[in-house]
Amino acid sequence: MNNNLLKVSLSPHISGKGSVKSIMYGVIIALMPAFIAGLYFFGIGALRVTLTAVVACVLFEYVIQKYLLKVESTISDGSAIITGLLLAYNVPSNLPPNIIILGSLVAIGIAKMSFGGLGNNPFNPALVGRVFLLISFPVDMTSWPKPILTRASAIDAVTAATPLAIVKEGLAGGTPYSKLLTQIPSYWDLFIGNVGGCIGEVSALALIIGLFYMLYKKIITWHIPVSMTGSIFIFTGIMCLINPQSNADPFFHILTGGVLLGAIFMATDMVTSPMTPKGMLIFGSAIGILTVIIRVFGAYPEGVSFSILIMNAFVPLINKFCKPKRFGEIIK
Amino acid sequence: MSKGLKTFPVGGVHSCDNKLSASKQIESVALPTIVSIPLSQHIGAPAMPIVKPLDKVKVGQLIAKASGFVSANIHSSVSGTVKKIDDVPDSCGYKRPAVIIDVEGDIWEENIDRTDSLLKEIIFDQKSIIEKIQAAGIVGLGGATFPTHVKLSVPKGKTCEYLLINGVECEPYLTSDHRLMLEKTEEIFVGIIIVMKALGVPKAIIGIENNKKDAIDKMSAISNNYKGISVQALKVQYPQGGEKQLAKALINREIPAPPGLPIDVGCVIQNVGTIYAIYEAVQKNKPLIERVVTITGKSIKKPSNFLARIGTPISILIQATGGLPEDTGKIISGGPMMGKAINTTDIPVSKGTSGILVLPEELSNRKNANNCILCAKCVSVCPLGLEPYLLSKLSLKSLFDKAENEQVVNCIECGCCSYNCPAKIPLLDFIRLAKTTVMKNIRNRVK
Ligand code: SF4
Ligand code: SF4
């Protein structure tokens with residue numbers, strides 16, 4: 001052993017086990033129950049859409065880094081896979097491949113790579129891709145196949161309106177909420193996911209399993225999911241108490257549409273969410289409130305994606321004002 | 001069990017324990033043939049040598065005098081002939097002046113009591129205790145090496161309510177304090193009584209982390225015989241041995257940012273190693289000439305705790321554990337979280353050397369850094385409530401004024417942020433740069 005070969009560096013000399021890769025693959029594992037639920041309820045269509053989106057996202061990232069930016073590829077970190085999965089989870093299972101590929105290009109190329117790659121993107125890439133598709137292809141993006149179990153036969157892939165759309169239109173037309181309840185699936189079906197909708201958002205059960213896995217692995221904290229669903233629950237609960245006939249109840253709001261997918265997997269995206277617990281609570285609650293406003297008063301039946309993107313833009317501001325409590329500082 | 005234990009509430013990490021040498025009794029090593037005793041083993045001004053080449057010295061003889069109040073006396077740890085006063089590399093990697101002595105025999109100063117007998121009765125008053133401590137050249141042995149007599153001289157207008165004893169040893173691998181608590185238990189209690197008398201405080205609390213159950217049991221049992229001293233088991237959480245975290249954990253008070261001191265919240269903190277040295281100085285007339293040093297590492301054949309004379313080259317201690325392992329990649333003076341990497345085994349043991357950690361090649365290299373993914377894991381572990389990701393970004397952009405506003409000087413350099421960053425960003429490197437720059441700016445402004 002030659003003394004000259006000793007390495008010298010500044011402390012600390014050891015580092016923890018976590019890595020960017022382990023976090024990303026942890027999220028991918030947490031996303032798997034929702035994928036299985038999607039397969040179960042929407043069959044081969046869900047598989048086709050998900051595979052297309054994942055492959056397209058990874059490929060775009062690779063090509064852009066290799067040929068455009070000429071930097072080392074980061075596809076192995078798993079973040080492109082997550083973007084692909086989330087994009088797929090946010091679209092119907094019968095979306096044509098060319099639209100999915102376009103969405104992937106927007107997500108990876110515009111929302112992620114043009115800002116400097118993972119860590120520098122202010123907006124959640126999958127959501128940018130999704131909202132782009134929603135605006136560009138409103139018809140394709142809002143015709144959802146019925147789940148397999150409720151189809152009359154295997155080839156009957158008739159599409160149906162989502163419960164959110166039924167309720168929104170019904171309430172707008174003056175039908176009382178109690179009557180509309182008979183036209184939508186039961187809460188149990190909403191909970192397990194036996195309902196028309198985007199591939200990954202339908203099964204509350206599968207998403208909640210993913211949530212607990214991420215909490216257990218300490219990938220995310222409870223603050224954003226709880227504050228976001230909590231504020232939706234309270235807001236819609238109050239409206240429902242004031243006028244039960246023209247407002248949907250809070251359970252309905254939480255179980256339908258993208259609330260849980262958004263609260264668990266998209267608002268919690270580390271890169272685009274605040275850094276302190278206090279900031280996270282503000283961020284989550286604001287998303288919840290915006291979601292309800294869009295759903296109840298806006299033109300779209302669903303508002304989760306827009307709300308998250310809007311709040312993404314406020315994250316730098318939130319970080320500026322929600323500092324951790326400094327040690328030794330006297331609280332006035 | 002560990003749920004109800006006290007700890008500091010914000011931040012911190014629980015890294016590996018790796019206390020490989022926890023069950024190894026403190027052993028003495030054969031005397032070296034030559035020692036180099038650095039003149040600057042403490043925070044403050046270096047000591048002034050009072051010996052010259054060819055002088056004969058005895059063990060415990062004063063060889064360099066403190067040059068000011070914040071400085072410390074230095075004594076010979078061996079008997080023999082002064083060879084020269086020359087620059088030798090120390091654990092910081094700098095060459096600094098040291099007294100180099102050729103060892104001949106082992107002749108001690110007559111007034112030093114070398115027996116093992118426990119002397120409980122304290123015959124000195126407050127003033128002479130502090131004088132004895134100052135004369136013995138005692139400094140904080142936990143690693144900070146701040147002259148102890150300064151800490152014990154409470155400034156006018158401040159009162160000390162608690163003496164806090166640091167038996168935490170939160171750095172992974174190190175076990176010297178642990179062994180002292182097990183093997184010199186009574187002596188430590190007498191030492192605490194001495195310091196309580198010096199400070200005039202009625203209460204002392206010893207904080208020990210729960211990974212040293214045997215020490216907690218033994219110390220608690222004996223604490224019943226000593227009025228005013230209690231033992232508090234603490235949850236294992238790095239950096240609990242830091243003064244700020246220990247005061248928060250034990251008495252729930254927050255020491256303010258620099259220049260704030262523990263005394264500002266009514267406490268003085270001493271490490272158990274220092275307390276033992278105080279016992280020896282006051283009761284046995286023994287100056288600080290030796291200390292317990294842990295030699296450890298996964299590839300070390302026989303991880304050990306040695307009672308080593310100050311000035312012993314660490315190569316001799318490593319040799320005594322079975323030699324430097326083949327796969328050695330890095331040698332650290334201190335623990336893995338805050339220790340300093342050294343580039344040679346020729347450096348001498350100094351007052352602040354709590355341990356030597358030998359890391360194998362595969363643990364010696366840093367991992368490649370990724371982009372920051374804003375995961376906030378550095379923020380959540382910072383025990384000072386800082387935002388390491390932000391400080392390191394500001395430092396990289398040389399925005400030091402902004403870093404000052406974000407309170408970079410508060411950083412205690414514990415390394416939790418770098419340790420916990422999944423992107424493996426060497427956050428503390430950049431933060432240190434900002435911290436030193438900002439401190440310099442502040443000093444220049446005061447001038
Ligand atoms: S822990 Fe590392 S990756 Fe996470 S926010 Fe801090 S610096 Fe960024
Ligand atoms: S910023 Fe300083 S005090 Fe905070 S974790 Fe990092 S090294 Fe420790």
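A quick note: this is a predicted structure, and the numbers were derived from the prediction, not measured.
Note on ring orientation: taking the six-membered ring where Trp is involved, the planes of F115(A) and F123(A) are perpendicular (angle over 60°, cut-offs 30° and 60°).
For F8(B), no part lies under 4.5 angstrom from a heavy atom of chain A. Only the side chain of K424(B) comes within contact range of chain A, with heavy atoms under 4.5 Å apart. For chain B, the nearby part of I23(A) is the side chain; its heavy atoms alone come within less than 4.5 Å. Only the backbone of C372(B) comes within less than 4.5 Å of a heavy atom of chain A; no side-chain atom from C-beta onward does. Contact of D269(A) with chain B is not made at all, since no heavy-atom distance falls under 4.5 Å. In this structure, the portions of E387(B) lying under 4.5 Å from any heavy atom of chain A include both its backbone and its side chain. Interface residue L384(B): backbone and side-chain heavy atoms are both found under 4.5 Å from chain A. Proximity to chain A is limited to the backbone of I342(B), based on heavy atoms less than 4.5 angstrom apart. Looking at V379(B), the atoms closer than 4.5 Å to chain A (heavy atoms on both sides) all sit in the side chain, from C-beta outward. Heavy-atom distances place the side chain of E361(B), and not its backbone, under 4.5 Å from chain A. Contact of K367(B) with chain A is made through the side chain alone, with heavy-atom distances under 4.5 Å.
Residues I64(A) and G109(A) share a closest heavy-atom pair of CD1-CA, 3.6 Å. The minimum heavy-atom distance linking F283(A) with N312(A) is given by the pair CZ-ND2, 3.7 Å.
With contacts defined as side-chain heavy-atom distances shorter than 4.5 Å, the pair L317(B)/T321(B) does not qualify.
With S418(B) contributing its side chain and G415(B) its backbone, the two residues share no donor-acceptor pair below 3.5 Å. Within the 3.5 Å criterion, the main-chain N or O of D77(A) finds no donor-acceptor partner in the side chain of Y25(A). K330(B) places no side-chain N or O within 3.5 Å of a backbone atom of V8(A) that could act as its donor or acceptor partner. Between the side chain of N90(A) and the main chain of L87(A), no donor-acceptor pair closer than 3.5 Å is present. No side-chain donor-acceptor contact under 3.5 Å links E413(B) to the backbone of M338(B). Looking at N124(A), its side chain does come within 3.5 Å of a backbone N or O of A126(A) through a donor-acceptor pair.
Listed options G117(A), G119(A), P12(A), P277(A) were ranked by heavy-atom pairs under 4.5 angstrom with chain B; first place goes to P12(A). Heavy-atom pairs under 4.5 Å with chain A peak, among K248(B), K340(B), R366(B), at R366(B). Contact tally against chain A (heavy-atom pairs below 4.5 Å) for G339(B), A423(B), G260(B), C417(B): the top residue is G339(B). With chain A as the partner, the residue from I332(B), N370(B), N410(B), L390(B) showing the most heavy-atom pairs under 4.5 Å is I332(B). Contact count versus chain A (heavy atoms, under 4.5 Å) is highest, among L386(B), L363(B), N420(B), for L386(B).
Shown are I310(A), L309(A), I308(A); of these, the side-chain contact (heavy atoms from CB on, under 4.5 Å) with I287(A) is made only by I308(A). A side-chain contact (heavy atoms from CB on, under 4.5 Å) with I331(B) is found for one member of L324(B), I347(B), T344(B) and no other, namely L324(B).
Checked for salt-bridge contact, E254(B) and R326(A) miss the test: no charged N lies under 4.0 Å from a carboxylate O. Taking the charged nitrogens against the carboxylate oxygens, E72(A) and K66(A) have no contact shorter than 4.0 Å, which rules out a salt bridge.
One distance of note links OH of Y89(A) with OG1 of T50(A); it measures 6.5 Å at 0.5 Å rounding. With values rounded to the nearest 0.5 angstrom, L118(A) atom CG is found 4.5 Å from S79(A) atom OG.
Of all residues in residues 216-227 of chain A, those placing a non-hydrogen atom less than 4.5 angstrom from a non-hydrogen atom of chain B are K218(A), I219(A). Inspection of non-hydrogen atoms places L428(B), D429(B), R432(B) of residues 425-435 of chain B under 4.5 Å from chain A.
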- Start with the C-alpha distance between T74(A) and E61(A), add both sets of side-chain angles, then the distance that settles side chain to side chain donor-acceptor pair (under 3.5 Å), and finish with yes or no. CA-CA 8 Å; T74(A) 53; E61(A) 179 155 321; 2.9 Å; yes
